[in-house]
Amino acid sequence: MSGKSFSVWLNNEYLPNHPEYSWVKEVSSKSVKHSIECGCTAFTRFFKHQSAFPNYKKKGKSDVKMYFVKNNPKDCFCERHRINIPTLGWVRIKEKGYIPTTKDGYVIKSGSVSIKADKFYVSVLVEIPDAGIAGNSNEGIGIDLGLKDFAIVSNGKTYKNINKSARLKKLEKQLIREQRCLSRKYENLKKGEVTQRANIRKQKLKVQKLHHKIDNIRTDYINKTIAEIVKTKPSYITIEDLNVKGMMKNRHLSKAVASQKFYEFRVKLQAKCNENGIELRVVDRWYPSSKICHRCGTIKKGLKLSDRIFKCGCGYIEDRDFNASLNLRDAITYEVA
């Protein structure tokens with residue numbers, strides 16, 4: 001069943017026979033349709049084996065969002081310090097000047113309100129004039145993603161693993177202590193000891209804030225890395241189609257792989273490339289970028305993961321990851337994302 005047919009069944013058959021669910025119509029009809037379309041997209045991705053089976057969104061455990069859309073010209077007005085959200089009215093914004101205002105000629109089409117770690121966020125879809133994209137004349141680059149270093153670029157630039165930073169290590173140690181404290185409170189509750197529910201909520205909020213802070217640091221690092229790469233204005237960027245799902249099955253590397261956010265890096269890089277007129281090339285995951293000698297083209301089949309220096313019989317010696325980035329840059333077989 002498609003999202004459109006489900007919406008017809010919900011309004012014409014189900015809700016008239018079940019008045020206890022009449023609260024569904026208290027919000028905007030377009031908000032309900034948007035939720036149905038999101039559910040349809042989730043099931044479509046599941047049947048295409050692109051994601052797991054959709055889960056129910058539980059308050060306090062999921063990033064539950066409230067969607068709103070511009071129904072009439074008086075809705076979705078935005079000023080420097082506040083925004084007019086349908087059914088809520090004017091809401092003050094803590095971070096001023098981030099959303100383009102209607103006085104500047106921008107039109108807010110839709111938006112959503114979400115809550116993370118006891119903080120509310122509003123994100124809006126704004127219609128802006130399409131800027132012309134100038135052609136890039138610089139040569140292309142190849143990017144090899146890894147665990148030892150986050151990204152190795154063929155132009156010689158290396159972006160270190162953010163997880164090795166002292167700030168992030170300190171926050172992760174703090175997170176372990178706070179999670180242990182939360183676990184003790186739940187164990188005491190199971191044993192029948194006196195534990196206030198309010199204290200559990202406070203401790204859970206501390207854990208959520210730390211998770212949110214760590215996630216923001218990693219996301220900010222990815223955004224800055226992509227911005228710095230795109231500013232070099234290459235004619236194309238070549239990356240490898242990594243098997244992240246298979247890498248996650250290795251229990252020794254799963255945490256390191258998850259924290260690197262390879263998929264998020266690829267999605268944001270593709271968006272930036274489309275915005276700046278850069279061609280994003282994706283090489284097949286079976287392409288032996290690390291085993292090919294960049295000088296003579298010989299494939300070294302016996303190369304191990306522990307071999308960090310690539311040595312070829314022709315006398316070519318280079319860092320393993322940098323050699324892979326050069327091979328990705330010069331790859332002939334690829335797909336344009």
Side-chain angles (χ1 to χ4, degrees), residues 2-4 6-7 10-11 21-45 51 54-131 205 208-209 211-213 215-220 222-224 226-227 261 263-264 267-272 274-276:
S2 64
K4 185 177 180 180
F6 180 83
S7 179
L10 179 70
N11 294 321
Y21 295 107
S22 59
W23 51 267
V24 174
K25 292 191 174 182
E26 292 179 3
V27 296
S28 172
S29 60
K30 292 183 179 179
S31 299
V32 178
K33 287 183 179 179
H34 179 77
S35 300
I36 294 172
E37 290 300 327
C38 288
C40 181
T41 303
F43 277 105
T44 303
R45 288 180 58 85
S51 59
N55 296 325
Y56 286 102
K57 297 286 182 106
K58 186 174 181 180
K59 181 181 175 183
K61 287 189 177 181
S62 303
D63 180 19
V64 182
K65 297 182 179 180
M66 184 201 79
Y67 176 79
F68 62 88
V69 70
K70 183 176 180 180
N71 290 321
N72 56 68
K74 295 182 179 180
D75 284 344
C76 301
F77 274 121
C78 180
E79 295 180 357
R80 178 178 173 272
H81 64 289
R82 61 177 187 167
I83 183 172
N84 188 7
I85 300 176
T87 70
L88 289 181
W90 287 103
V91 180
R92 293 181 63 86
I93 303 174
K94 187 175 182 181
E95 296 177 328
K96 303 177 180 65
Y98 277 77
I99 302 176
T101 61
T102 51
K103 293 181 180 179
D104 299 329
Y106 295 104
V107 179
I108 297 177
K109 308 295 288 186
S110 62
S112 60
V113 179
S114 60
I115 180 172
K116 290 182 180 179
D118 204 34
K119 289 184 179 180
F120 288 90
Y121 298 87
V122 59
S123 58
V124 297
L125 177 66
V126 183
E127 184 178 348
I128 59 175
D130 189 14
L205 184 59
Q208 288 176 349
K209 285 183 177 180
H211 272 296
H212 191 48
K213 193 170 185 178
D215 184 66
N216 285 344
I217 292 172
R218 289 171 177 159
T219 303
D220 181 65
I222 290 175
N223 294 339
K224 289 179 179 177
I226 293 174
K261 295 188 173 184
Y263 181 75
E264 184 178 344
V267 171
K268 291 186 175 182
L269 180 63
Q270 184 174 350
K272 274 291 182 182
N274 295 338
E275 183 181 339
N276 293 273

Closest non-hydrogen atom pair, [X] against [Y]:
X	Y	value
Ala42	Pro54	CB-CG, 3.7 Å
Ile222	Lys268	CG2-CD, 4.5 Å
Gly111	Tyr67	O-CD1, 3.4 Å

Is [Y] close to [X] at the side-chain level, that is, under 4.5 Å between some pair of heavy atoms?
X	Y	answer
Lys261	Asp215	yes
Val32	Lys25	no
Gln208	Leu205	yes
Tyr21	Leu10	no
Val124	Ile83	yes

How many angstroms lie between atom [atom1] of [X] and atom [atom2] of [Y], to the nearest 0.5 angstrom?
X	Y	atom1	atom2	answer
His212	Thr219	NE2	OG1	9.0 Å
Arg92	Glu79	CZ	CD	11.0 Å
Ser112	His34	OG	NE2	7.0 Å
Phe6	Ile36	CZ	CD1	5.5 Å
Leu269	Asn274	CG	CG	9.5 Å

| Does atom OH of Tyr121 have more than 12 heavy-atom neighbours from other groups under 6.0 Å away? | yes

| said: Please check if the number of heavy atoms outside Lys272 that lie under 6.0 Å from its NZ is greater than 12. | reply: no

| When you look at Ile85 and Val113, which way does the side chain to side chain contact (heavy atoms under 4.5 Å, CB included) test go after all the steps? | CA-CA 9 Å; Ile85 300 176; Val113 179; 3.9 Å; yes

| request: Quick one: list whatever passes salt bridge (Lys or Arg N to Asp or Glu O under 4.0 Å) with Glu37, sequence neighbours left out. | output: none

| task | Would you confirm whether Asn11, through its side chain, and Ser7, through its main-chain N or O, come within 3.5 Å as a donor-acceptor pair? | result | yes

